[in-house]
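Take a look at the structure set out below.
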Amino acid sequence: MNDADQRTALAITLPDGRVLTLDAPTTAADVVKLIGPGLAKAALAAKVDGRLVDLGLPIERDARIEIVTLKSPDALELVRHDAAHVLAEAAKELYPDVQVTIGPVIEDGFYYDFARDKPFTPEDLAALEARMREIVARDEPVTRDVWPRDKAIAFFESIGEGYKAEIVRDLPGDEEIRIYSQGKFIDLCRGPHLPSTGKLPTAFKLTKVAGAYWRGDSRNPMLQRIYGTAWLTQADLDAYLHRIEEAERRDHRRIGREMDLFHIQEEAVGAIFWHPKGWTLYRQLVEHVRRRLDTDGYVEVNTPMLVDRSLWEASGHWEKFREQMFTTQAEERALALKPMNCPCHVQVFRQGLKSYRDLPTRMAEFGSCHRNEPSGALHGIMRVRAFTQDDAHIFCTPDQVTAEAVKFCRLLAQIYRDFGFEEFSVRFADRPAVRAGEDAVWDKAEAWLKAAIEAAGHPYQLSPGEGAFYGPKLEFHLKDAIGRTWQCGTLQLDFVLPERLDATYVAEDGKEHRPVMLHRAILGSLERFVGILIEHYAGRFPLWLAPTQVAVATITNDSDAYAAEVAATLKAAGLRVELDARADKIGYKVREHTLAKVPLLIAVGKRESETQTVSLRRWGTDGQESLALAEAVARLRDEARPPA
RNA sequence: GCUGCGGUAGCUCAGGGGUAGAGCACAUCCUUGGUAAGGAUGGGGUCGGAGGUUCGAUUCCUCUCCGCAGCACCA
């Protein structure tokens, strides 16, 4: 026994610096009572020396204590965790045959995985949610206990909770087995929990049910996962539900149909039929990126889509990604559709002798690739089997890597800005479990890439094990108009492929050396990027991207000839124009083109044709301005120019 | 790929063992109207596909394809 155990008085320091003296052992709940009844009522949990714990947890030594209430930053996580538990309790009450497994907090809410033969229906969700509210109304006290491992295993097995027993069995040997009870529901949990179910704000909602593998492994049985969202206030919940609606409203699949941009059909699953308007948009992307690449010292190439298996064997793709490659055969040759452009780019690089004077070579391709993605992964134009990358490979010397990475980051930021994305974040993905190349090479590659991103001056987060099989990578995640992030750009450092495909250059010493290869993309998949743009702008593209930039509508058919002249003049100035000379009222035409999200509407009637003017209306505004045709053409041509 | 749910007109959706319905869209005619829907008439469906049960299937059952959500995957 040491001195600490013999002490009977504890010094409890509060956030405001006050020190309370209490007899040991005490609990946060005791401390709260001393502070006041208001706080006692509001208290959800406590932070003891920075660690989040239950209010009732015995405190046996001097500590700094902070009381967690709904106003604390930690409250949301606690509340969501408890919502998951209340869901589990409700499920056990309504459906005694379910086994409970795990129920963690996730972004915006929580889920709980249940094992049950019969699937949950939407009606079950409604019943569960109603029962959850009853449990909150019951205000059941939540108590915490620590059990010996054997007792916990025996208990869970005795009540038929095999998954829980398995979790207990797999807990590390030194871990406390904490058992929480609320009402008749007894559960293994790390905690902490609210002191009673009545403390749970009722701003929660069960949202969906779906399958999920036990322990996230597709070889394990599938459980039924119920998703829920939970918030501190009803206003927060409403705001969240509104955000979901907003995302649905922006869904690129819906807007793509409404704006007649593209379609997908059964006969070409995972591939896109681009309609004239969608393809116009797509072309703006390509043409803009190409302009930026030209001024940034890239050369553009184009390489075969269908390539002999031997190249993929040499590159390592056959070994690592054969399952996801489309293959075919011709005259006894095994061929594969390229899933990536890099091996082909190395072939271009290998033509003729390369000197150090040729480096860096920045070789770009809008490369059409095919990957046999699992059917369940396909999603609109965001995840497809046939796509085009804004790909490039930079062949350079080791001492050029940093400068190239910095240059690339600058180009990427510029292009994101051009497309209306001001913010992006960077992740550093290091070596994956399945990889090519030796650890020493990886050590070097990771160190260099890290140095490069630091030189570029971007803060980054670590994504352990997420690198490509041939090298570490930087991932660039951009943030869209409603705060969602999308990984688009990537910069990867590769020592392996130049070796495997024998790329060399002659250095100043007259000897052959291996170039370093930087794989890089900015938009990633053009198809996906179009999808992101659609959702980012909700279909309301900036003028330079809009498939139709101006609609010229007549007031009456008397103005048809003048309207045609206006349209032709705008077209000659490079604008994308639609002439609407239908015998409909101008109000109807305004409505149609507004719904079609055409940025500019020019109306012409008798007044305009007599004075060689146009009446210009901009999307989203009610008024219109009258100006001379020549001036309108000059102004709109300027406005429609891509970002310089 | 796995689990669940779904597939009815171009779109959104209703219906339901007795050979199908709405709104919008589309076509024709009338209307020429100054900034978010003028009117009339009309055409349109192997009820995703294949089998089965039944006197009879779009409806019930089986298989299959595709879609959606989530999981797993994403060089």
Side-chain angles (χ1 to χ4, degrees), chain A residues 111 113 118-122 207-227 251 253-254 257-258 260 263-270 312 315-317 319-325 338-343 369 371-380 382-385 387 389 429 432 434-436 466-471 473 487 490 492 494 496-497 519 524-525 528 553-560 581-596 601-608 615-617 619-624 626:
Chain A
Y111 67 75
D113 283 348
K118 238 171 81 183
F120 290 112
T121 64
T207 50
K208 55 197 159 197
V209 57
Y213 299 108
W214 168 235
R215 297 193 153 163
D217 190 326
S218 57
R219 286 165 303 193
N220 285 340
M222 184 153 283
L223 307 173
Q224 292 189 65
R225 176 170 299 177
I226 294 179
Y227 282 90
D251 191 314
R253 293 165 298 184
R254 169 214 286 263
R257 187 178 343 97
E258 285 170 355
D260 194 19
H263 85 270
I264 294 170
Q265 67 185 47
E266 273 195 43
E267 290 80 357
V269 169
W312 306 116
S315 71
H317 290 87
E319 187 194 341
K320 299 265 179 343
F321 296 104
R322 189 185 338 180
E323 297 299 307
Q324 287 98 278
M325 286 166 73
K338 70 176 171 189
M340 300 181 78
N341 306 299
C342 30
C369 298
R371 294 178 189 174
N372 194 0
E373 302 283 1
S375 58
L378 302 177
H379 179 82
M382 299 279 206
R383 186 90 182 262
V384 287
R385 288 178 177 151
F387 58 96
Q389 291 176 312
V434 180
R435 58 180 182 261
E466 298 287 313
F469 79 90
Y470 47 71
K473 62 183 183 187
Q487 196 230 304
T490 179
Q492 306 169 11
D494 184 0
V496 176
L497 209 56
H519 304 244
S525 145
R528 179 161 170 272
T554 51
I555 309 280
T556 73
N557 289 133
D558 290 340
S559 313
D560 284 0
R582 293 174 300 176
D584 286 304
K585 295 212 281 194
I586 190 66
Y588 180 82
K589 294 184 185 181
V590 166
R591 178 182 154 82
E592 281 227 321
H593 295 113
T594 301
L595 289 176
L601 178 73
I602 282 178
V604 296
K606 208 180 202 172
R607 265 198 322 261
E608 286 77 12
S615 167
L616 178 67
R617 179 190 171 108
W619 198 100
T621 61
D622 275 337
Q624 59 254 214
S626 176

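Chain identifiers are assigned alphabetically (A, B, ...) following the order of the sequence lines, protein sequences preceding nucleic acid strands; residue numbering begins at 1 within each chain.
Taking atom CZ on A:Arg385 and atom P on B:rC73, their separation rounds to 17 Å, with Å as the unit. For A:Asn372 and B:rA75, the CG to P distance is 15 Å, given to the nearest whole Å. Atoms CH2 (A:Trp214) and P (B:rG70) sit 22 Å apart, rounded to a whole Å. Between A:Ile586 atom CD1 and B:rA37 atom C1' there is a gap of 13 Å when expressed in whole angstrom units. Spacing between atom CD of A:Glu267 and atom P of B:rG48 amounts to 16 Å, rounded to whole angstrom units. A:Ile264 places its CD1 atom 13 Å from the C1' atom of B:rC68, with the value rounded to the nearest Å. Atoms NZ (A:Lys589) and P (B:rG33) sit 12 Å apart, rounded to a whole Å. Taking atom CG of A:Asp260 as the reference point, atom P of B:rC11 lies 12 Å away to the nearest angstrom.
As judged by a 4.0 angstrom heavy-atom cut-off over every strand, A:Gly605 is placed among the base-contacting residues. Residue A:Leu595 is in base contact, counting any heavy-atom pair closer than 4.0 Å across all strands shown. Using a 4.0 Å heavy-atom criterion, one finds that A:Thr121 contacts no nucleic acid atom at all. Looking at heavy-atom distances under 4.0 Å, A:Gly623 makes no contact with the nucleic acid at all. Residue A:Phe120 is out of contact with every strand shown, counting any heavy-atom pair closer than 4.0 Å. When heavy atoms are screened at a 4.0 angstrom cut-off, A:Glu466 is found touching no nucleic acid atom at all. Within the 4.0 angstrom heavy-atom criterion, only backbone atoms of the sugar-phosphate kind lie near A:Ser218; the bases stay farther away.
A:Tyr227 does not qualify as a stacking partner of the B:rG70 base, lacking a centre-to-centre distance under 5.5 Å together with planes within 30°.
Positionally, the nearest nucleotide of RNA chain B for A:Val604 lies more toward the 5' end than for the other of A:Gln324 and A:Val604.
With 3.5 Å as the limit, one finds no donor-acceptor pair spanning the side chains of A:Asp217 and A:Asn220.
Close placement of the A:His317 and A:Phe469 rings is indicated, their centers lying within 6.0 Å of each other.
The partner of B:rG18, taking Watson-Crick or G-U wobble pairs whose two distances both stay under 3.5 Å, is B:rC55.
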